[in-house]
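This is a predicted model, so every value here is computed, not measured. Below, chain A is the first sequence line, B the second, and so on; all start at residue 1.
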2 protein chains.
Amino acid sequence: MDGPVLSQSCALSLTCCADGGSLLSTKAPQVSGVRVQLEMHALWQQFDQLGTEMIVTKTGRRMFPTFQVQISGMDPTAEYVLLMDFIPVDDKRYRYAFHSSSWLVAGRADVAAPSRMHFHPDSPARGAQWMKQTVSFDTLKLTNNLLDDNGHMILNSMHRYQPRFHVVYVDPAPNSHLNAYRNFSSFSFHETRFMAVTAYQNHRITQLKIASNPFAKGFRTADPQDCW
Amino acid sequence: MDGPVLSQSCALSLTCCADGGSLLSTKAPQVSGVRVQLEMHALWQQFDQLGTEMIVTKTGRRMFPTFQVQISGMDPTAEYVLLMDFIPVDDKRYRYAFHSSSWLVAGRADVAAPSRMHFHPDSPARGAQWMKQTVSFDTLKLTNNLLDDNGHMILNSMHRYQPRFHVVYVDPAPNSHLNAYRNFSSFSFHETRFMAVTAYQNHRITQLKIASNPFAKGFRTADPQDCW
DNA sequence: CTCTTGACACCTAGGTGCGAACTT
DNA sequence: AAGTTCGCACCTAGGTGTCAAGAG
């Protein structure tokens with residue numbers, strides 16, 4: 001497991017567990033009480049049940065659904081940096097079997113793509129600012145270009161990833177780097193896992209994207225099957 | 001006169017004069033050396049020669065040309081807030097005489113609109129960040145709605161205004177507010193003055209807007225008179 | 001009469017999946 | 001055969017001046 005696993009209904013209690021128990025005392029008070037709730041979790045779960053796929057392109061592609069969270073429990077006056085990264089779910093490469101409509105292991109993972117952090121563009125900001133409205137990572141883009149210099153997140157196609165969200169308290173104290181491990185808290189939502197692809201494999205994923213992403217409205221039909 | 005008057009070719013030397021002479025020593029070193037250069041000054045001057053008009057609407061309208069500046073002389077590591085405001089050029093209300101194609105005084109100014117400051121959305125940021133590229137106020141909007149709650153700049157139609165630009169050093173020292181007057185520097189560019197209007201009065205202004213604003217391309221003709 | 005408002009056609013800017021062409 | 005790339009039509013989102021209608 002890569003960090004705490006959260007699901008829709010119990011997100012708050014489980015994020016609590018991330019720093020809970022005997023470990024609580026090792027975290028700074030500015031982050032120990034932070035709670036994070038995933039927005040659009042119903043949509044995320046709908047995708048997750050089919051096996052979420054995210055397109056990666058050379059120039060960079062947005063995620064859909066967008067990763068958005070509601071935050072509580074920050075120190076309103078303290079300064080925080082918010083960021084995301086993506087970690088491989090396993091060390092496997094996959095391929096899609098159309099005849100059985102399922103993903104099969106196709107060998108060991110390719111060499112790992114350069115690991116990057118995506119800082120939320122409003123960083124740094126005070127807790128009060130982050131908490132007063134949904135925090136959206138809608139400008140984050142995924143690419144399969146190993147040489148990307150636009151600051152996009154580099155992923156290997158046909159590999160599975162788990163998005164991670166990090167809350168970092170900007171400690172004004174001198175030598176605060178010595179306590180760096182105390183000043184951040186990380187959150188993972190199981191239903192946001194996805195397969196990186198250059199073209200959609202599962203036709204039902206395509207249909208759900210078309211049905212739910214406003215920018216794909218041009219591909220919608222009057223067919224009531226839209227909702228599938 | 002409302003602050004230093006700057007024109008195209010001597011912007012640097014004249015902004016220098018803003019804090020120049022015996023007053024120089026009264027400003028904090030973080031702002032005393034700041035220099036500001038107006039971008040697109042050739043276009044601004046073209047408008048100014050005709051008598052610039054800016055549309056104000058209930059929902060808010062962007063300025064065109066956009067107010068953009070190139071900054072130098074900041075302390076790269078110091079933190080600054082950048083902001084704009086608009087001050088009445090005089091206490092007069094105007095009307096446009098179509099037969100003579102000129103603006104006439106139409107009495108005393110209306111009651112002053114609520115005076116607001118527009119903070120550049122990237123504020124606060126370090127000097128190095130502000131200086132490394134053009135600072136643009138393209139999201140700033142003008143409105144004639146006295147009850148506006150979208151944070152737009154409220155102006156009276158048929159009144160003349162002078163945009164002002166302020167550089168404020170964020171002084172980390174305790175009780176820095178006691179020295180607040182030392183920590184900012186203001187800049188006015190004469191060629192950015194304009195008349196606020198709800199509809200364009202001078203037809204040549206309309207034509208120059210159509211010719212130079214990309215969003216008005218739909219109104220361009222193949223006529224070579226475009227450049228007038 | 002002067003001035004303001006709002007619906008409108010026409011743009012810019014950029015996010016979609018499609019499907020043919022390309023690569024391996 | 002499997003996977004990637006790219007131009008495209010079709011959208012969202014929102015910035016233009018126009019013009020007819022409205023307000024005072």
**Student:** Taking atom C1' of C:dC18 as reference, at what distance in whole Å does atom CD of A:Gln207 sit?
**Tutor:** 12 Å
**Student:** Among the candidates D:dT5, C:dT4, C:dG15, find the nucleotide nearest to the side-chain atoms of B:Thr198.
**Tutor:** C:dT4
**Student:** Is B:Arg220 reaching over with its side chain to a backbone N or O of B:Ile210, donor-acceptor style, under 3.5 angstrom?
**Tutor:** yes
**Student:** DNA chain C: B:Tyr94 or A:His203, which has the more 5' nearest nucleotide?
**Tutor:** B:Tyr94
**Student:** Taking only the side-chain heavy atoms of B:Asn213 (C-beta and beyond), determine which of D:dT16, D:dT4, C:dG15 contains the nearest atom.
**Tutor:** D:dT16
**Student:** Using side chain to side chain contact (heavy atoms under 4.5 Å, CB included), reason through A:Asp91 and A:Arg108 one step at a time and then give a plain yes or no.
**Tutor:** CA-CA 6 Å; A:Asp91 65 341; A:Arg108 293 280 301 231; 3.3 Å; yes
**Student:** Look at B:Asn144 and C:dT5 and indicate whether a side-chain polar atom (N or O) is within less than 4.0 Å of OP1 or OP2.
**Tutor:** yes
**Student:** Go through the side-chain N and O atoms of A:Gln68 and A:Thr134 and say whether any donor and acceptor fall under 3.5 Å apart.
**Tutor:** no
**Student:** Would you please classify the geometry between the A:Trp44 ring and the A:Phe67 ring as parallel, tilted or perpendicular, with 30° and 60° separating the classes?
**Tutor:** perpendicular
**Student:** Using a cut-off of 4.0 Å on non-hydrogen atoms, how would the nucleic acid contact of B:Thr206 be classed: base, sugar-phosphate, or nothing?
**Tutor:** sugar-phosphate
**Student:** Atom CE of B:Met158 and atom P of C:dT4: how far apart are they, to the nearest Å?
**Tutor:** 5 Å
**Student:** Name the nucleic acid region contacted by A:Arg95, choosing base, sugar-phosphate or nothing; use a 4.0 angstrom heavy-atom cut-off, strictly under.
**Tutor:** sugar-phosphate
**Student:** Using whole Å, what does the distance between atom P of nucleotide D:dC10 and atom CD1 of A:Ile210 come to?
**Tutor:** 14 Å
**Student:** Tell me if the centroids of the rings in A:Phe189 and A:Phe187 come within less than 6.0 Å of each other.
**Tutor:** no
**Student:** To the nearest Å, give me how far apart CZ (B:Arg204) and P (D:dG17) are.
**Tutor:** 18 Å
**Student:** Would you say the base of D:dG14 and the side-chain of B:Arg62 have a donor-acceptor pair closer than 3.5 Å?
**Tutor:** no
**Student:** Let me know the distance between CZ of B:Arg93 and C1' of C:dT4, rounded to the nearest Å.
**Tutor:** 11 Å
**Student:** If I take atom CG in residue A:Asn202 and atom P in nucleotide D:dA2, what distance separates them, rounded to the nearest angstrom?
**Tutor:** 16 Å
**Student:** Which protein N or O atoms sit under 3.5 Å from an N or O of nucleotides 8-12 of chain C?
**Tutor:**
residue	atom	partner	partner atom	Å
C:dT12	OP1	B:Lys217	NZ	2.9

**Student:** Can you say whether the rings of B:Tyr161 and B:Phe194 are parallel (under 30°), tilted (30 to 60°) or perpendicular (over 60°)?
**Tutor:** tilted
**Student:** What is the distance from NZ of B:Lys58 to C1' of D:dA23, rounded to the nearest Å?
**Tutor:** 12 Å
**Student:** I need the CG-P distance between B:Asp138 and D:dG15, as an integer number of Å.
**Tutor:** 10 Å
**Student:** Does the separation of the ring centres of A:Phe137 and A:His120 fall below 6.0 angstrom?
**Tutor:** yes
**Student:** Is B:Ser157 touching bases, backbone alone, or none of the nucleic acid, heavy atoms closer than 4.0 Å?
**Tutor:** sugar-phosphate
**Student:** Would you tell me if any nitrogen or oxygen in the side chain of B:Arg61 comes within less than 4.0 Å of OP1 or OP2 on D:dG17?
**Tutor:** yes
